[in-house]
Each structure stands twice: as structure tokens, then as C-alpha cells.
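The chains referred to below are lettered A, B, ... by the order of the sequence lines, with proteins before strands, and numbering in each begins at 1. In what follows, every heavy atom counts, from backbone to side chain, and hydrogens, waters and symmetry copies are set aside. These figures come from a predicted structure and were not determined experimentally.
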Amino acid sequence: MLDIKYLRNNRDEANQRLLDRNVADGVLDQLLADDEKRRSLIKEVEQLKAKRNQVSDQIGAAKREKDDVSAKKAIADMQLVSDQIKDLDQQVTAIDKIVHDQEAQLPNLADPRVPVGPDDSYNVEQRTWEPANLSGRPAAFSKTPDWLKPHYDIGEDLGILDFERGAKVSGARFLYYVGAGARLERAIYNFMLDEHRREGYTELLTPYMVTNESMYATGQFPKFVDDAYEVGKDQAMTMIPTAEVALVNWRRDEIMDESELPLYITALSPAFRQEAGAAGKDTRGLIRLHQFNKVEMVKFTKPEDSYDELEKMTVNAENILQKLELPYHVIRLSTGDMGFGSAMTYDLEVWFPTQNKYREISSVSNDEDFQARRAHIQYRDGDGRLHFVHTLNGSGLAVGRTVAAILENYQNEDGSITIPKVLRPYFGEDKIDQEHRN
RNA sequence: GGAGAUAUGGCAGAGCGGUAAUGCAGCGGACUCGAAAUCCGCCGAACCGAUGUAGAGUCGGCGCCGGGGUUCGAAUCCCCGUGUCUCCUCCA
């Protein structure tokens, strides 16, 4: 949610910044016109209410003094006023909803440092990273050896990924991990959670179904209802599309103590997404699923600290890739490519040798006070004043895509997979092949 | 799933149709070399509107779990929800 007072007082600037976020021209004008209507109605009804309160006082006093005549007259007057109030209140409720519905559709404004552009072609690469010693593994931008198989093929060959039966049981974009595949997934997220705990994040296990209020508070609703799985007969519930929803809402409607900030939390969870309209051929295998595991990081910070914390969180995500020795780069998303609630986003993209390109594996965002306004998360400073916190979220990392990246980057000519060193204590073995696949 | 109880300020806790007691905590002051104790005063979240601003302030609305209703007037009466607690039931 944007600050309506900012929109009112900085109309031209706000309009330009909304245009940068691909919001149609005229949307802000409409909102502000309705906002003005709303405020003038409120003013009108509040004046009547003030009068009613005043006269009601007099009625009470008159009754105490047994002055029935003037009480009766005042009551008759107030019946009229009361009717007017009722009518105006209805108008206020209606315009309130209209204004609010428009506000809820507006994305966050981008930080001035974000490159302006309508789509992902305006994203800017920040840095690339590749392990010093690849030990014969394919390097970024090098020629891919002919024997190298896409992760979904090598996974099926080894019998550790079962897409066919996943489709039988649940439809397209579902799968079973089998034996060493399931264990690899488990090794990876345990490793990730341990790393984040060491970095100061508190691990949470969260609900996987949330109310629609929660989805609204983090910005998924109302705009992206079609992307979510809604369940429940009596009460509408939604399967979380990311642990971010459960993590940020953990502190919804709360006033935090200044001493709690910054607060770091993390969770592993499945993420459920309809992926409506996302059909495409380069999304085979583990890249785009209706259900996938992800380790998510969330921070609540003071406003003045949030951009430092964004850099740190990005480093936390990079650390995972570096320890796994996977080549990646970091890009800063343009105004047109960022998520709805974000003011600045870094994406981490990992190298996929069979596709000869980087693919997204993590997205780290500073939402500033956008979610905090919707979710009512504030903190009290030393002077007792209230401020909205800033919220940040980042994947650390998408687990399924990490499996995919390992199956490609650590693949050997004989069809085996070397387990990254750092995962061996978690996995228990140093490779997967036809003899070691359970 | 069934039955009952309960929901008021940071906390405790009255009020049960005339517009939120009181205590503790907090803030300011007096007393004191200082502190404690005592005394005096202030303080009812959040939110919205007007005015105004360096910050503030002032006025009004709203405000007693949420949403409706009755009434000139609702914390109080009526209806529909929700959370929490206890007992039973069911489970992992």
C-alpha cells in the first residue's frame, strides 16, 4: 500500500513513478479524485455527528432535570439529523471501498536507483561469480560438452526424478523425487537452513495455508488471485505461494519493540503456484512446478537500515551458491520487471550449461513499508513515536532449482553426479550413479 | 465435532442505555545533596478528517474482539461471526 498523503502532495512525481511501474496513465488521477470526494463526505458527516453528540448531551441533561418538553423537541430534531447521518455514512462506506480497491491495485514505487524500463531487457547485471577451480566441470559461457544432459533427462535416467508418475497422480508440473533425489533435496535445504541460522536468522515452521487477509497483507491479493490455489469449503484459505506470506504475516497487526529490530527469520516450505499462462518449452523439469520447496529469508528492519540489509541478504543468498560452487550472476531488476511489492530487487541467476544461460534461482527484495502498511507492522522508537517497519524477503534458495543446477553442473561423462563437497556431510555420500541412487 | 465461559488502555480491572471508574506501570513537577518513600499534575492504543508544522500542537470524528441491527443516544439491548480458556469427543 502506498502512502496516500504522498500521492496527494506529490502528484506529478508520483504519477511518473507509477508510469515507470507500468501503471496506466490516469489511474492516479481517478484515485485522487475519488479520494477528494471521500474526504469531503467525511467532513460533512463528521460535522453532523459532532452536532448529534452535542445535542444528545443536552437531551441527557434535560431528562435528568425532568424537562420532557425540550427533550422531546430535541429528539425530534435529532431524528432528522440521524437519518442524514445514516445516509451519508452509507455513501462514505461506498466511496471508501472504491478508494481502497484502487489503492490495493497499485504496485510499490521503485527506488530511484532502480533502472527504468518496461521489461526485463532493462535489467542490469551487477556482478558475476564462478568458482576458482571448476575441476573439469562446465564453466559459464564455455562450450557445453555433447554428452551433457538436461537435468530432467539425467534425473530420469538415474531414476531419482519421476515426472511421469507425478503427472499421473497430480497432473502436469508435479513430480516425485525418488531415493537419492529425495535425499539430495533434503540435504540441500538442511544445509541452507543451517547456513542462515549461522547468519542470525531464526528458523520457523509455518502454516502452509493462510487466510485471504494474510494474502492481502503481503500483496498477493487482490491482484494475483489467479496465481494462487484457494481451498476450503466454509472458510476460504489459500495455499502459500511462498513462505514469505507466512513469515511476514507472523507479525501482522503488531507494534514491535525497537530493540527487536532488525529481526531475521527463515523457513523452509513448499510453495504452491498455479503458474497460469506460464506454459513454455524452456520450463521443463524442475524449473516451473505447481509445488516446489524453497528456503525463504525475511527481515523486519528500521527504514534507515533497509538498503544495507538488502545488500546483506543478497550476500546471504550468494553465499549458498558460492559454497555449492555454482556459477551465477546478480542482476538488478528494472522498474518493469520487479514484483508488485518491491522497491528494489536483486535476482540471482545460476548457470545452466545445457541451456547455455543463467536462470533465476533467487529473488531478493526490499519492499520498504509497502507490506508494513497493508499488514500494520510498526515499531515504537525511543521517543514513543510509531513508524512502519521495512520488510525484506529473499529466496535462499529455491531448492528444486538448486537440485536442477547441481544435476547439470556436477554431471560427469559416465552419467554420474558428483555431490558438492559442502553437501556431503548432509547427503552421506559423494556421488549418485546407477549403483548409488537410493 | 459438542457444551460452557470469556473478550474494555502497556498490565490488572469496574461499568450492563445518557456518552469509558479505579489501581499498577509510564511521563512531568515538588520535596531531597541525590535516590527511595510521599505529595501534586499529566497520560486511554491504533486509525480518519480539518487546521497547521522543523518537530509539535489544537479541534472534531471514531473508539470497549469484528460485522450488522434497535435508539435522539449503545461498552451496555438484539442478531451474525472470530479468538482464547475449560470440559467432553476425535485423533497424530
Taking atom CD of A/Gln126 as the centre, does the number of heavy atoms from other residues, nucleotides or ligands within less than 6.0 Å exceed 12?
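Counting other residues, nucleotides and ligands, CD of A/Gln126 exceeds 12 neighbours.
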[X] side chain N/O closer than 4.0 Å to the phosphate oxygens (OP1, OP2) of [N]?
X        : N     : value
A/Gln378 : B/C47 : yes
A/Lys86  : B/U70 : yes
A/Ser82  : B/G73 : yes
A/Arg380 : B/G10 : no
A/Asn53  : B/G61 : yes
A/Arg39  : B/C48 : no
A/Arg8   : B/G49 : yes

Nearest-Å distance once atom [atom1] is located in both [N] and [M]:
N     : M     : atom1 : answer
B/U38 : B/U32 : C1'   : 12 Å
B/A56 : B/G13 : P     : 35 Å
B/C27 : B/A35 : P     : 14 Å
B/A37 : B/C31 : C1'   : 11 Å
B/G69 : B/U53 : C1'   : 43 Å
B/G2  : B/U76 : C1'   : 30 Å
B/U8  : B/A45 : C1'   : 12 Å
B/U19 : B/A75 : P     : 11 Å

Report the residue (A/Gln54 or A/Ile75) whose heavy-atom-nearest nucleotide on RNA chain B is the more 5′ of the two.
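Between the two, 5'-proximity favours A/Gln54.
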Would you mind telling me which residue lines up with the more 5' stretch of RNA chain B, A/Arg38 or A/Ile255, judged by nearest nucleotide?
A/Ile255
Using a 4.0 Å heavy-atom cut-off across all strands, classify [X] as base, sugar-phosphate, or nothing.
X       : value
A/Ala74 : nothing
A/Ile42 : sugar-phosphate
A/Lys51 : nothing

Between [X] ([atom1]) and [N] ([atom2]), how many Å, whole number?
X        : N     : atom1 : atom2 : answer
A/Ile377 : B/A45 : CD1   : P     : 22 Å
A/Asp57  : B/U71 : CG    : P     : 21 Å
A/Glu46  : B/C59 : CD    : P     : 15 Å
A/Gln79  : B/C72 : CD    : P     : 4 Å
A/Glu254 : B/G10 : CD    : C1'   : 14 Å
A/Asp257 : B/A45 : CG    : P     : 19 Å
A/Asp253 : B/A46 : CG    : C1'   : 10 Å
A/Met1   : B/C47 : CE    : P     : 14 Å

Quick one: which of B/G61, B/C72, B/G49 gets closest to the side chain of A/Ile59?
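The listed nucleotide nearest to A/Ile59's side chain is B/C72.
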So if I take every side-chain heavy atom of A/Ser56 and compare against B/U70, B/G49, B/G73, which nucleotide ends up nearest?
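Comparing B/U70, B/G49, B/G73 against the side chain of A/Ser56, the answer is B/G73.
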Is the distance between the ring centroids of A/His390 and A/Phe300 under 6.0 Å?
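Not close enough - the centres of the two rings lie 6.0 Å or further apart.
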Using 4.0 Å as the upper bound for N to carboxylate O, is an ion pair formed by A/Asp162 and A/Arg165?
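Yes, this pair counts.
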Any Lys/Arg nitrogen of A/Arg39 or A/Glu46 sitting under 4.0 Å from an Asp/Glu carboxylate oxygen of the other?
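Looking at A/Glu46 together with A/Arg39, the answer is no, because their closest N to O distance does not fall below 4.0 Å.
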Please convert RNA chain B into dot-bracket. A pair counts if it is Watson-Crick or G-U wobble with both distances under 3.5 Å; crossing pairs go in [ ] and bases paired with another strand get |.
((((((((.[[[..)..(...]]].(((((.......)))))....(((((.....)))))...[[[[[..)....]]]]])))))))....
Are the side chains of [Y] and [X] in contact, using a 4.5 Å heavy-atom criterion?
X        : Y        : answer
A/Leu184 : A/Phe427 : yes
A/Arg38  : A/Val92  : no
A/Val389 : A/Thr391 : yes

Would you kindly say whether A/Asp34 and A/Gln102 are connected by a side-chain donor-acceptor distance under 3.5 Å?
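Side-chain D/A pair, A/Asp34 to A/Gln102: present.
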Side-chain donor-acceptor pair under 3.5 Å between A/Glu349 and A/Tyr328, yes or no?
no
